[in-house]
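Here the structure is a predicted model, which means the values were calculated and not measured. By convention in this document, chain letters (A, B, ...) are assigned in the order of the sequence lines, proteins followed by strands, and residues within each chain are numbered from 1.
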Amino acid sequence: MSEVKIFVPAPDRSPPSNTLGPVAWLRENLFGSISSSIATLLFFYLCFSYLPPFVDWAFIKANWTGTDRSVCEANAAGACWTFINVRLEQILFGLYFASKPEELWRPTLIFVLFFALLLPLLFERTPGKKWLSIALLGVFPVVFYFVVYGGSFGIPQSNTTQWGGFLLTFALAFVGILLALPIGILLALGRRSEMPVIRSICVIYIEFWRGTPLITILFMASVMLPLFFPAGVEFDKVVRAMIGITMFQSAYTAEAVRGGLAAIPKGQAEAAMALGLGYWRRTVLITLPQALKISIPSIVNTFIALFKDTSLVSIIGLLDLLNMAQTAARSVEWKGYDIEGYLFAGFIYWAFCYGMSRYSQNLEHKLDTNRRN
Amino acid sequence: MTTDIHMASAELGDTIIKIDELNKWYGQFHVLKDINLDVKRGERIVICGPSGSGKSTLIRCINRLETHQEGSIVVDGIELTEDTKHINEIRREVGMVFQHFNLFPHLTVLENCTLAPIWVRKAPKREAEETAMRYLERVKIPEQANKYPGQLSGGQQQRVAIARSLCMNPRVMLFDEPTSALDPEMIAEVLDVMVGLAEDGMTMLCVTHEMGFARKVANRVIFMDGGQIVEQNEPEEFFNNPQNDRTELFLSQILQH
């Protein structure tokens with residue numbers, strides 16, 4: 001009788017030393033092959049030849065102070081941020097608030113409130129996140145209406161046709177995103193419905209709004225819509241733009257959500273059914289959370305696109321951030337400083353879009369329950 | 001142990017599932033043909049047959065994951081019709097375990113188990129959690145309660161799926177090939193849990209090819225082919241003395257290796 005051998009696992013050893021450390025990293029990632037080395041060198045060459053002159057112009061030699069163009073004309077080698085500085089209120093808050101210094105507190109308060117509510121939400125350990133979210137999504141828009149639009153509580157009513165700058169961009173994008181998400185979710189569910197009538201309605205809605213350029217929708221909302229109302233009935237231009245943007249955006253959001261719903265295995269709904277959960281509970285508790293998680297990147301993608309597309313409202317004579325920067329740069333006092341205006345507007349767009357993008361990546365990572373431990 | 005289970009089979013209760021002249025089509029394809037089946041309370045039935053024979057479809061009709069076109073299914077006195085209220089009443093009392101587990105990946109193991117008791121049975125959260133922990137202990141994984149399904153092995157996931165069904169305190173359990181997606185080393189741990197359930201007198205319908213399990217716990221083995229029940233018998237008779245040549249061929253093929 002031979003004895004049974006006892007299995008003893010071999011101990012783990014550390015990897016060879018030439019695969020660790022910064023030199024190994026450089027060799028592997030930047031100079032791994034001839035083409036990779038050429039790409040690396042080309043990249044550094046371009047950085048060194050284009051970056052320093054730009055930094056020089058935009059920061060080192062730039063003009064920051066002063067109240068008129070004489071400062072910038074005296075030092076033409078640097079960027080003229082003086083222009084942005086002087087016209088900041090106009091570019092951020094639009095003509096109505098820029099022309100009334102005593103009303104400037106209104107948009108200022110709104111943005112302070114917005115960031116005060118938003119920033120704590122970005123940190124994982126903030127207590128009472130639920131209430132902050134409710135305040136941001138439910139209470140904040142109401143405050144926005146009463147403070148920025150005014151007309152009650154002794155706050156003078158502002159003229160929406162003179163809304164503009166970043167305030168307008170923000171209002172259009174915020175309303176578009178806030179309303180398009182729930183409408184889009186319902187449309188996506190409707191498009192997957194087993195009831196043919198509901199499905200057809202949703203398909204027609206989505207395909208109609210998705211197949212029409214936003215610029216056309218805005219133009220129609222501005223020019224065509226008044227024709228359907230009796231003479232004398234005025235429909236606010238900004239509200240019309242908001243409705244058009246929401247309709248358009250909800251179709252895109254619906255398709256993003258539908259993609260997520262389609263990716264959920266059928267077994268998930270079946271398991272929920274087998275436990276006795278009805279349609280709405282099944283949807284709200286099981287399929288939708290998983291579908292939304294999958295579609296975060298594409299939903300945020302449509303939000304980012306919307307944020308930038310709001311500049312199309314110039315077609316109906318509204319001056320958003322981009323158009324306001326352009327308008328300011330074409331004024332008699334600051335003629336010729338378009339580049340600074342565009343760069344500033346571009347930077348604000350970029351900061352917000354990048355913020356949204358980072359937040360979505362963060363959220364994806366946080367919701368990923370498949371990583372081990 | 002085996003004898004204990006079989007002795008109990010002599011004293012089975014009243015009929016809990018009654019299937020009468022059941023017919024189902026997928027479009028033109030006639031998938032279930034004139035199925036008649038009575039299941040007594042406490043009975044343990046194993047259904048086997050080649051793939052495409054309609055065995056999964058049959059048990060999926062019992063909780064109406066599939067609709068039938070002809071015949072009737074009565075579960076615990078309630079007939080399955082279009083009526084959503086009746087369907088949900090039956091689903092509450094009939095637990096189901098799937099081949100691919102179908103755990104909810106965005107919820108923890110504990111949340112998977114408490115979801116239906118809380119939302120369907122309206123159980124208080126505390127009570128639902130206590131029940132869930134009791135069943136997780138029974139399937140021998142209480143220590144995994146706060147992990148997500150994606151962090152567990154297949155065998156562990158299937159045991160959670162069984163616990164999740166048990167938390168609804170069902171009168172009947174349906175198993176749809178519960179071990180077919182598992183690695184060989186994990187099959188035993190799932191079958192052990194199922195044997196334990198059988199010993200406690202649970203009414204069970206299992207679609208499975210685990211013939212050892214069938215011999216050990218079944219009161220009746222049903223062989224299906226082409227959407228029909230070809231043969232049914234007590235396990236000893238079924239395996240040792242098949243009455244139909246189709247059954248004989250099937251058994252010779254699966255018991256060959």
Side-chain angles (χ1 to χ4, degrees), chain A residues 7 9 124 129-130 185 188-189 192-198 257 259-297 299 360-373, chain B residues 56 59-60 62-67 84-109 111-122 144 146-153 160-161 164-170 172-174 176 181:
Chain A
F7 171 69
E124 191 126 352
K129 270 191 168 184
K130 195 174 123 197
I185 288 172
L189 291 174
R192 291 173 61 82
S193 164
E194 281 167 12
M195 287 175 269
V197 177
I198 291 183
V257 175
L261 284 170
I264 307 299
K266 219 172 138 222
Q268 289 292 307
E270 283 181 355
M273 274 187 229
L275 288 166
L277 292 155
Y279 175 79
W280 286 107
R281 280 186 191 145
R282 208 151 74 216
T283 303
V284 172
L285 297 169
I286 305 300
T287 40
L288 206 50
Q290 297 183 56
L292 288 178
K293 188 178 98 182
I294 296 176
S295 39
I296 288 171
I299 292 175
S360 90
Q361 283 174 28
N362 194 321
L363 206 59
E364 263 178 86
H365 182 74
K366 206 170 72 184
L367 295 178
D368 181 13
T369 55
N370 261 334
R371 54 172 195 265
R372 295 200 164 244
N373 300 310
Chain B
S56 284
I59 68 164
R60 285 163 61 88
I62 295 173
N63 63 354
R64 206 156 171 106
L65 289 184
E66 303 285 350
T67 54
T84 329
K85 199 167 147 263
H86 282 176
I87 295 171
N88 281 332
E89 266 173 51
I90 288 173
R91 283 175 179 166
R92 251 175 268 168
E93 309 302 331
V94 178
M96 186 165 209
V97 174
F98 299 85
Q99 182 178 358
H100 296 288
F101 332 134
N102 297 353
L103 292 177
F104 307 130
H106 61 303
L107 302 176
T108 63
V109 164
E111 287 165 343
N112 264 279
C113 293
T114 57
L115 182 96
I118 290 173
W119 288 95
V120 179
R121 290 245 193 254
K122 311 284 177 208
Q144 314 281 13
N146 292 314
K147 286 198 182 164
Y148 286 95
Q151 297 168 308
L152 306 184
S153 73
V160 172
R164 176 175 72 178
S165 283
L166 292 178
C167 284
M168 285 294 279
N169 201 11
V172 181
M173 285 285 284
L174 308 173
D176 188 2

Does atom NZ of B:K122 have more than 12 heavy-atom neighbours from other groups under 6.0 Å away? yes
Heavy-atom closest contact (A:A274 atom, B:N63 atom, distance): CB-ND2, 3.8 Å
For B:F98 and A:A271 the tightest heavy-atom approach is CE1-CA, 3.7 Å
Let me confirm one number: the [atom1]-[atom2] distance from [X] to [Y], rounded to the nearest 0.5 Å.
X	Y	atom1	atom2	answer
A:M273	B:M96	CE	CE	11.5 Å
A:R282	B:W119	CZ	CH2	15.0 Å
B:L107	A:Q290	CG	CD	7.5 Å
A:I286	B:L115	CD1	CG	5.0 Å

For A:A272, is it the side chain, the backbone, both, or neither that has a heavy atom closer than 4.5 Å to a heavy atom of chain B? both
Report yes if some heavy atom in the side chain of B:R164 is under 4.5 Å from a heavy atom in the side chain of A:L275; otherwise report no. yes
When you measure from the side chain of B:H106 to the backbone N and O of A:L367, does any donor-acceptor pair fall under 3.5 Å? no
Can you check whether A:G267's main-chain N or O pairs, donor with acceptor, with B:N102's side chain at less than 3.5 Å? yes
